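To start, the structure under review is shown below, and the notes come after it.
All figures in this text were calculated on a predicted structure; none of them were measured in a lab. Throughout, residue positions are numbered sequentially from 1 according to the sequence presented.
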Amino acid sequence: MPGIAHAPRLDDLLADRWTCRQFIADREVPLETIEELLAAAQRTPSWSNTQPWGVWVTTAAATDRFRAELGAHVAAGGEVKPDIDFPVAYTGRHRDRRRECGHALYASLGVERHDHAGRAEQFLRNFALFDAPHVAVITSPVELGTYGVLDCGLYIATFLLAAQDRGLAAAPQAAPAAYSPFLHRHFGIDDSRHVVATIGFGYPDLDDPANRFRTARAALTENVVLVSDRPHDAAPVRLLDGDRLRQVARPVDVEPQAQRRVVGE
């Protein structure tokens, strides 16, 4: 039986992928490329191979109609009612990382911290789908609960990497899903499915300043605990890029084990 070959190309895709916040609006993706992208995403692993994702994908004309009607709905104060609860709060490191991302975006656009009008204008770009020529609406069966949504998260990750591999850019978004009742009506999605997220995709406008910043990833010590039989005072194992994992003799909570915040490693 052949072994599992290392695929450096995957490492490259993971390192290079980024969220596009301005697409070339009038450049459609060929249908054959969209079909290839969807076929690749269909290979996503899922719980008991249930493959629960239901995906509505728009042509350029359908995207324009959706964008216009969603924007009008939001501007008119449409009902905010996501099918899946949004986070209750962002605290601690999650809050800090979120702020770092937002500050980097606004800095790239030249929007000052106290420019509330500029920040609000950029927020509304979410509902213009950043001018993406296509959008995929990702849904999950209500009856599968958390595990269905988990599988859809895996599907989104695969979709993003498959898009990157084909020279496309993508923007996974929760903001449109906040208006789930509207999405159900617009796309004819029945109540047996939850709207999870949308993904705008197309070709990136690399000259736009919104596409010039990148987010960092935390050190492994902030997310991973390596459990072994070594005593507590044993020297830690050195891992990639100078990160260290504690050697522990029993499971521990990740949060207290985090030693430092590393940006840019």
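For Arg185 (side chain) and Ser180 (main-chain N/O), no donor-acceptor pair under 3.5 Å exists by modelled atom type. Between the Thr158 side chain and the Leu154 main chain, a donor and an acceptor come within less than 3.5 Å of each other. Formation of a donor-acceptor pair under 3.5 Å by the His194 side chain with backbone atoms of Ile84 is not found in this model. Judged by distance alone, the side chain of His134 and the main-chain N or O of Val29 form a donor-acceptor pair under 3.5 Å. Between the side chain of Asp205 and the backbone N or O of Gln22 there is no donor-acceptor pair closer than 3.5 Å. The backbone N or O of Gly200 lies less than 3.5 Å from no partner atom in the side chain of Gln173, so there is not a single donor-acceptor pair. Of the possible polar contacts, none joining the Arg21 side chain to the Pro209 backbone as a donor-acceptor pair under 3.5 Å is found. With Asn211 contributing its side chain and Pro204 its backbone, the two residues share no donor-acceptor pair below 3.5 Å. Judged by distance alone, with hydrogens and angles left aside, the side-chain atoms of Ser46 form no donor-acceptor pair with the main-chain N or O of Asp151 at under 3.5 Å. Side-chain atoms of Thr198 never come within 3.5 Å of backbone atoms of Ala136 as a donor-acceptor pair (strictly under, hydrogens ignored).
When all heavy atoms of Ala219 and Asn223 are compared, the closest pair comes out as O-OD1, 3.9 Å. Annotation for Phe23 and Ala171: closest pair CZ-N, 4.0 Å, computed over non-hydrogen atoms. The two residues Gly148 and Ser140 come nearest to each other via the heavy atoms C-OG, 3.1 Å. Smallest separation of non-hydrogen atoms from Thr63 and Ala132: CG2-O, 3.3 Å. Contact between Tyr203 and Glu28 at its shortest, heavy atoms only, is CE1-O, 3.5 Å.
Under a hydrophobic-cluster definition in which Ile, Leu, Val, Met, Phe, Trp and Tyr are linked whenever side-chain heavy atoms come within less than 4.5 Å, directly or via other members, Ile199 and Leu161 are assigned to different clusters. Connection of Leu168 to Ile156 is established within a shared hydrophobic cluster, with ILVMFWY side chains joined at heavy-atom distances below 4.5 Å, either directly or through further cluster members. In the hydrophobic clustering of this structure, Val195 groups with Leu70; members are Ile, Leu, Val, Met, Phe, Trp, Tyr whose side-chain heavy atoms approach within less than 4.5 Å, directly or through other members. One hydrophobic cluster, built from ILVMFWY side chains closer than 4.5 Å, cannot hold both Ile24 and Val135; they sit in different ones. Both Val80 and Phe127 are assigned to one and the same hydrophobic cluster, defined by single-linkage of ILVMFWY side chains at heavy-atom distances under 4.5 Å.
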### Task
Kindly indicate, with the supporting measurements, whether the criterion side-chain contact (heavy atoms from CB on, under 4.5 Å) is fulfilled by Asp191 and Val142.
CA-CA 8 Å; Asp191 291 338; Val142 173; over 6 Å; no
### Derivation and outcome, side chain to side chain donor-acceptor pair (under 3.5 Å), residues His186 and Glu69
CA-CA 9 Å; His186 184 90; Glu69 294 183 9; 3.1 Å; yes
### Task
Decide side-chain contact (heavy atoms from CB on, under 4.5 Å) for Tyr155 and Val55; before the verdict, give the C-alpha distance in whole Å, the side-chain angles of both, and the deciding distance to 0.1 Å.
CA-CA 10 Å; Tyr155 179 89; Val55 186; 3.6 Å; yes
### Message
Arg67 vs Asp64, test: salt bridge (Lys or Arg N to Asp or Glu O under 4.0 Å). Steps then yes/no.
### Response
CA-CA 5 Å; Arg67 183 178 6 254; Asp64 286 341; 2.8 Å; yes
### Query
Yes or no on side-chain contact (heavy atoms from CB on, under 4.5 Å) for Glu100 and Thr215, after CA distance, side-chain angles and deciding distance?
CA-CA 8 Å; Glu100 285 176 9; Thr215 53; over 6 Å; no
#### Entry: Criterion salt bridge (Lys or Arg N to Asp or Glu O under 4.0 Å) on Asp131 and Arg125, from CA distance to verdict
CA-CA 8 Å; Asp131 293 333; Arg125 295 287 299 144; 3.2 Å; yes
### Task
Before giving the answer on side-chain contact (heavy atoms from CB on, under 4.5 Å), spell out for Trp47 and Leu144 the whole-Å C-alpha distance, their side-chain angles and the decisive distance to 0.1 Å.
CA-CA 10 Å; Trp47 200 268; Leu144 294 187; over 6 Å; no
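In this structure, Arg95 is not positioned above the aromatic face of Tyr90 in the sense of NZ or CZ being under 6.0 Å from the six-membered ring centre and within 45° of the axis.
Side-chain atoms of Trp53 and Gln42 include a donor-acceptor pair closer than 3.5 Å.
No more than 12 heavy atoms of other residues, nucleotides or ligands lie within 6.0 Å of CZ in Arg98, so this atom counts as exposed by the packing criterion. Residue Phe213 places its CZ atom among more than 12 non-hydrogen atoms of other residues, nucleotides or ligands, all under 6.0 Å distant.
Taking the six-membered ring where the residue is Trp, the centroids of Phe159 and Phe201 are separated by under 6.0 Å.
Contact check on Arg9 versus Asp165 returns a salt bridge, with a Lys/Arg side-chain nitrogen under 4.0 Å from an Asp/Glu carboxylate oxygen. Arg193 has no carboxylate O lying under 4.0 Å from a charged side-chain N of Glu143, or vice versa, which leaves the two without a salt bridge.
No option in Asp190, Ile189, Val196 other than Ile189 meets the side chain to side chain contact (heavy atoms under 4.5 Å, CB included) test with Thr139.
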